[in-house]
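Side chains included, hydrogens not; waters and symmetry mates left out as well; all remaining heavy atoms used.
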Amino acid sequence: MSTTPHPQVVVVMGVAGTGKTTIGPLVAEALGLPYAEGDDFHPAANVAKMSAGTPLDDADRAPWLDAIGAWAHGRAGLGGVVSSSALKRSYRDRLRAAAPGIVFLHLTGDRGLIEERMAGRTGHFMPTALLDSQFATLQPLQDDESGVAVDVVGTPAEITARAVAALRRLAH
């Protein structure tokens, strides 16, 4: 059972290396909601392209965003947490069109810290070489978008506590 009055569907967003896969499940657990890993929604062609160091374009992202949007739509009224870079406003608009009422948790941070964290992880298809394209693509949340930004400085527990507190404030 969610500890929020009306269970939210939260999209954990940000550039690669901000900790979406680490923080997302922790936020979901703290809110008593299920978690879905956004990377699992990518078609194999997208994973192959990124593994080769080639950034995805909007056409590549469309089926991925639609799959995440369908999951979020299915969780409406139930709540859930899903990760998705959701770097552009148009991507977030596409997700909102599929699942009105979703909120975004934008994990933000210093490029140097993010690059350091990316370099230290293993078994992930996203090379650090694509970080520049991620930052170039990023359009932060705008005032008319429902969501919160949380800096990724600190331990996962500290980041999660800040994120959950911000999401609870947003829900009230």
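- Between the Arg96 side chain and the Pro100 main chain, no donor and acceptor come within less than 3.5 Å of each other.
- Asp66 has its side chain out of reach of Phe41: every pair of non-hydrogen atoms, C-beta onward, lies at least 4.5 Å apart.
- By the salt bridge (charged side-chain N to carboxylate O under 4.0 Å, His left out) test, Asp40 pairs with no residue at all, sequence neighbours left out.
- The two residues Leu78 and Leu33 have their closest heavy-atom pair at O-CD2, 3.7 Å.
- When every heavy atom of Ala99 is checked against every heavy atom of Gly69, the shortest pair comes out as CB-O, 4.1 Å.
- Ile114 and Gly109 make their closest contact through CD1-O, 3.5 Å (heavy atoms, listed as atom of the first residue, atom of the second, distance).
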Validation: residues 135-143 side-chain donor-acceptor distances under 3.5 Å, sequence neighbours left out:
unit_1, atom_1, unit_2, atom_2, d
Thr137, OG1, Ser133, O, 2.8
Gln139, OE1, Arg89, N, 2.7
Gln142, OE1, Arg89, NH1, 2.7

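- Across Leu26 and Thr160, no two heavy atoms sit closer than the pair CB-OG1, 3.3 Å.
- Under the 3.5 Å distance criterion, the side-chain polar atoms of Lys20 are left unmatched by any main-chain donor or acceptor of Ser85.
- Put simply, CG on Leu107 and CD1 on Ile23 are 6.5 Å apart, with the number rounded to the nearest 0.5 Å.
- Applying the salt bridge (charged side-chain N to carboxylate O under 4.0 Å, His left out) test to Asp151 and every residue at least two apart in sequence or in another chain returns nothing.
- When all heavy atoms of Thr108 and Ala149 are compared, the closest pair comes out as CG2-CB, 4.2 Å.
- Every pair passing side-chain hydrogen bond (donor to acceptor under 3.5 Å, both in side chains) that includes a residue from residues 22-38 is listed here, sequence neighbours excluded: Thr21-Glu37, Tyr35-Glu37, Tyr35-Ser83, Glu37-Ser83.
- Taking the six-membered ring for Trp and thresholds of 30 and 60 degrees, Trp64 and His42 have nearly parallel ring planes, at less than 30 degrees apart.
- Distance check: Lys88 NZ to Leu65 CG gives 10.5 Å after rounding to the nearest 0.5 Å.
- Between the side chain of Asn46 and the backbone N or O of Asp60 there is at least one donor-acceptor pair closer than 3.5 Å.
- Taking 4.0 Å as the cut-off between side-chain N and carboxylate O, Asp132 and Arg111 count as a salt-bridged pair.
- Looking at residues two or more places apart in sequence or on another chain, you find no side chain to side chain donor-acceptor pair (under 3.5 Å) involving Asp57.
- Minimum heavy-atom separation, Arg61 to Leu56: NH1-O, 2.9 Å.
- Here CG of Asp110 is found 9.5 Å from CD of Glu116. Values are rounded to the nearest 0.5 Å.
- Using a 4.5 Å cut-off on side-chain heavy atoms (C-beta onward), Arg168 and Leu31 make contact.
- To the nearest 0.5 Å, atoms CZ (Arg92) and NE2 (His106) are separated by 7.5 Å.
- Arg162 is linked by a side chain to side chain donor-acceptor pair (under 3.5 Å) to nothing, counting only residues two or more places apart in sequence or in another chain.
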